[in-house]
Amino acid sequence: MTSHMEFTAGLNPQQQQAVIAGPGPVLVLAGPGSGKTRVLTHRIAYLISALGVRPRHILAVTFTNKAAREMESRVVHLIGQGTQGITLGTFHATCARILRREAKNLPFESNFVIFDADDQVGLVKRIIRDLDLDEKRYRAPGIHASISNAKNDLLLPDEFPINTFRDEIVQRVYLSYQKLLLASNALDFDDLLLWTAFLFEEFPKVRTKYARFYEHILVDEFQDTNFAQYVLLKHLVAFHHNIFVVGDTDQSIYRWRGADYHNVLRFEKDFPDSQVILLEQNYRSTQAILDVAMTIINRHPYRTPKLLFTSREQGQKVVLHEVYDDREEAVFVITTIVDLVARRSAKPGDFAVMYRTNAQSRLLEEAFLRAELPYKLVGAQRFYGRREVKDVIAYLRLVHNPDDEISLIRIINVPRRGIGDKSSIALRTQAQTSAVSPGNLLLDLGRNPSAPNQEWISRRAGAALRNFGELLVKWSDQKSKLTPLALMDLILEDMDYRSYIDDGTDEGSDRWENVMELRRLAAEFHKKGLTAFLEQVALVSDQDTLTGTMNVPTLLTLHAAKGLEFPIVLIVGLNDGTLPHSRSFDDPEEMMEERRLFYVGITRAMDRLYLVCAQNRSLYGYPEPVDASRFLDDIPHDLIEDARFSRSSPRPRRTPLHHSTKWSAAVDNTPDTKSAYQQKFHPGMQVQHPTWGDGMVLNSRIDDGDEVVDIFFKELGLKRVAASLAHLEILS
């Protein structure tokens, strides 16, 4: 065994205390950027190498696959390959493995599929229609959210609390929803937690087996656990009592999906002998940014005070900028980024633009598109949510689990094979009569195409169903012999899917490239198999698909920013009603979460931070006056640059903007070589117009032998001029 000194070298005193903490419950309250991942990985390495704990007796849970991969790679870097056997992954992935292993005790088979978010809402929508309910009054996403909340509280349909008529409707839908899930041998995300908790409650021997097996349990982002996850953890530590949790109540921002920061308070109550360790040294942000962050979060009650400090320099003051409306907010974002890139003060990929709601991205995207400047949007249509990707996954899920009716409905006529709605309904009806799933009925048709008693289907439709059934039989017979990639290729070939999806257009080519990307992922599972592959694509999150290879600005919501960091952050939409959101005005808990959300956004910034608010916001096409966010009033003027600005400043005039440069032009200032006329003006240049005064060049291009320049003037806003006529003077 190795001395603990090897695993505490380079750590600050608080981190060292956490890493070598003795056995029993440990609560680490870690401020943003305080090195919590480092503490967790060093703790795991310390347990294995210094205390001699076998890796297979360690369970470490995180909230994203990305975080799990990062943790695993760091532990391997510390102690080499001695980590093999650790159970390391998300709560949901860990529960899925337990449920497959213990399926004999549960009302589903071990080859269950996991319905993604779209599948779940789609199933609820179908039930609402089957129950003949008003779809406008009882919207599927809202009903599903109520069901999800009930599952997170470990409430089954017959335990669902009834206080209103809507609750009665939710209970009816919930009951049908669970029946259809089980009929499809499927679980949703919440079921993974619910059924594991049920397993441990109802089968004490199973609970004891896992509680004895896992000697040490470590939990990342503990403040984001829900009640179901907390109950699961209590079951798992019932024997050894060695639980090491890292979290920060100040960064709990997922209440809307069941996260409950009160679990931190429950932990201290349920484990009164726990060690509590604070991590306060920040390794991410300048002190100027941390000072602003603390003024926001210090007004939050029910928290353990932390004094964030850094060994970095004080840094530049946080910039607070006010604009006329949300359109000029987007212009400010573009001009700030272009200016800093043109002056070589930053790279495009250094920037993150954050906002409260997804809808706010529209004006920002339009500004980037008009400027022809590339960007990446986190939380847009996920790769796994694209039509062609979902089609291929649905085929694989159906082969893996013929009871998966949602997948069957999706692809039964994709590509078109002559199986319309009437035939699909007839198939479902006959399946109910025969007490089998539609998928298994198709398999029967494929194996016995000339079997009697097939009067329920017409001759033409019967031929189409039998042909599809024969293909399903072929794939099912091959699934145990082929790798996920080989099986996918067989299905794609039999379906001639490329001809269906790639119609020769750019869009068709992009869709086929998405299928090829899915193939590349499938190739990584040649040893793990189809079950592991399908589980991976079902449980992946938006952050898991975020790569750092594109040198372009990132647009994302404040919720999606959790766990990330960027050299330069611009937070827009800082107005009452937007942040804090209007629905938090009458709910103190919601208002506290809005404050925490703002705090999380601020602490994503490493070097520079811009806070942007508007005097007006567009409402049904017209500007409506709005107040600046009440949170901004908490920031002392001496901590911000140019605080509050002039509210009486004239409204800038706007002209449509059409940029033709890419980031390479902004960075390299490369002249346009397509014309003999040489460009004189480049993005970021400061210029002066004899009438309009000082301005900054956003873009220029050669058009009909002249240079057309887009300039942002301080007093007028955006203007487009012909260089030969404008008499511009270059200032810098």
- [ ] Ignoring hydrogens and angles, tell me if any N or O in the side chain of Ser252 forms a donor-acceptor pair with the backbone of Thr249 under 3.5 Å.
- [x] no
Open item on the list: If we ignore hydrogens and angles and just use 3.5 Å, is the side chain of Gln360 paired with the main-chain N or O of Thr357 as donor and acceptor?
Closed with: yes
Open item on the list: As a quick check of understanding, evaluate salt bridge (Lys or Arg N to Asp or Glu O under 4.0 Å) for Arg284 and Asp607, giving each step before the final call.
Closed with: CA-CA 8 Å; Arg284 175 187 299 150; Asp607 304 319; over 6 Å; no
TODO: Quick one: closest heavy-atom pair of Arg356 and Thr557, and the distance?
DONE: O-CB, 4.4 Å
Open item on the list: I'd like to know if Lys36 pairs up with Asp248 as an ion pair, taking the criterion as any Lys NZ or Arg NE/NH1/NH2 lying under 4.0 Å from an Asp or Glu carboxylate oxygen.
Closed with: no
Task: Output field: ring centroids His321/Tyr610 closer than 6.0 Å - done: no
Task: Backbone N/O of Val331 and side chain of Thr335: donor-acceptor pair under 3.5 Å - done: yes
TODO: Kindly say whether the aromatic ring centers of Phe91 and Phe63 come within a distance under 6.0 Å.
DONE: yes
Task: Student check: side-chain heavy atoms of Met606 and Ser285 closer than 4.5 Å - done: no
Task: Derivation and outcome, side-chain hydrogen bond (donor to acceptor under 3.5 Å, both in side chains), residues Gln16 and Asn12 - done: CA-CA 6 Å; Gln16 291 180 14; Asn12 66 46; over 6 Å; no
Open item on the list: Under 3.5 Å, is there a donor on one side chain and an acceptor on the other for Tyr599 and Gln251?
Closed with: no
Open item on the list: Under a plain distance cut-off of 3.5 Å, with no hydrogens placed, do Asn263 and Thr225 share a side-chain donor-acceptor pair?
Closed with: yes
Task: Within 6.0 Å of CG in Asp586, more than 12 heavy atoms from elsewhere - done: no
- [ ] Without swapping roles, check the side chain of Arg43 against the backbone of Val19 for a donor-acceptor pair under 3.5 Å.
- [x] yes
Task: Main-chain N/O of Asn226 paired with Gln229 side-chain donor or acceptor, under 3.5 Å - done: yes
Task: Backbone N/O of His581 and side chain of Thr578: donor-acceptor pair under 3.5 Å - done: no
Task: Worked check of salt bridge (Lys or Arg N to Asp or Glu O under 4.0 Å) between Asp260 and Arg255 - done: CA-CA 6 Å; Asp260 187 357; Arg255 181 171 179 254; over 6 Å; no
TODO: Examine Arg630 relative to Phe585 and say whether NZ or CZ is less than 6.0 Å from the centre of the six-membered ring and inside a 45° cone about the ring axis.
DONE: yes
Open item on the list: Other residues, nucleotides and ligands only: do more than 12 of their heavy atoms fall within 6.0 Å of OH on Tyr230?
Closed with: yes
Task: Geometric class of the Phe598/Phe631 ring pair [parallel <30°, tilted 30-60°, perpendicular >60°] - done: parallel
